[in-house]
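Down below is the structure, laid out as structure tokens.
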Amino acid sequence: SSGHSIGSKVTPKKVEVDLQTVFDFLIKNPDRHGKNYLIREDGSVISIDHGMSFYNDQIPFISKKIPSFDQVEPLLKDPALRQRLDSFTR
């Protein structure tokens with residue numbers, strides 16, 4: 001895994017990584033990499049370092065790194081991700 005584990009080496013759950021991608025798309029975060037998220041023992045992910053979020057889309061070298069809708073749309077069709085997103089509204 002890329003992120004830093006809390007405790008022993010743990011692989012993040014796919015649904016958690018996908019959720020992070022959707023979140024980064026929504027907040028226009030171009031700076032997601034392996035050193036700015038933590039992985040809990042249960043495989044859930046804690047996103048950190050959102051300092052570049054909501055950046056201007058007109059800056060080419062930054063906007064290229066923001067997840068695109070084409071990347072996010074298929075993720076939103078995953079039932080596991082939909083269930084995880086629904087958990088935030090309850």
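For clarity, every value in this text was computed on a predicted model and none was experimentally measured. The first residue in the sequence is number 1, and the count goes up from there.
Tested against P12, the residues I46, V45, D18 include a single side-chain contact (heavy atoms from CB on, under 4.5 Å) partner, V45.
Within the structure, the ring pair (Phe, Tyr, Trp, His ring centres under 6.0 Å) test picks out no pair touching residues 69-90 (sequence neighbours left out).
With sequence neighbours excluded, no residue forms a side-chain hydrogen bond (donor to acceptor under 3.5 Å, both in side chains) with T21. For D42, the side-chain contact (heavy atoms from CB on, under 4.5 Å) partners are R40, S44, not counting sequence neighbours. In this view, F23 and H50 satisfy the ring pair (Phe, Tyr, Trp, His ring centres under 6.0 Å) rule, not counting sequence neighbours. For D31, the side-chain contact (heavy atoms from CB on, under 4.5 Å) partners at least two apart in sequence or on another chain are N29, H33, N36, D49, M52.
Distance check: Y37 OH to R32 CZ gives 9.0 Å after rounding to the nearest 0.5 Å.
Side-chain contact between L26 and V22 is present, with heavy atoms from C-beta onward closer than 4.5 Å.
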When the side chains of residues 71-79 are checked against the rest of the protein, which donor-acceptor pairs come out under 3.5 Å, sequence neighbours left out?
residue : atom : partner : partner atom : Å
Q71     : OE1  : S68     : N            : 2.7
Q71     : OE1  : S68     : OG           : 3.4
D78     : OD1  : A80     : N            : 3.2

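As a member of the Ile/Leu/Val/Met/Phe/Trp/Tyr network built from side-chain separations under 4.5 Å, V17 groups with nothing else and remains a singleton.
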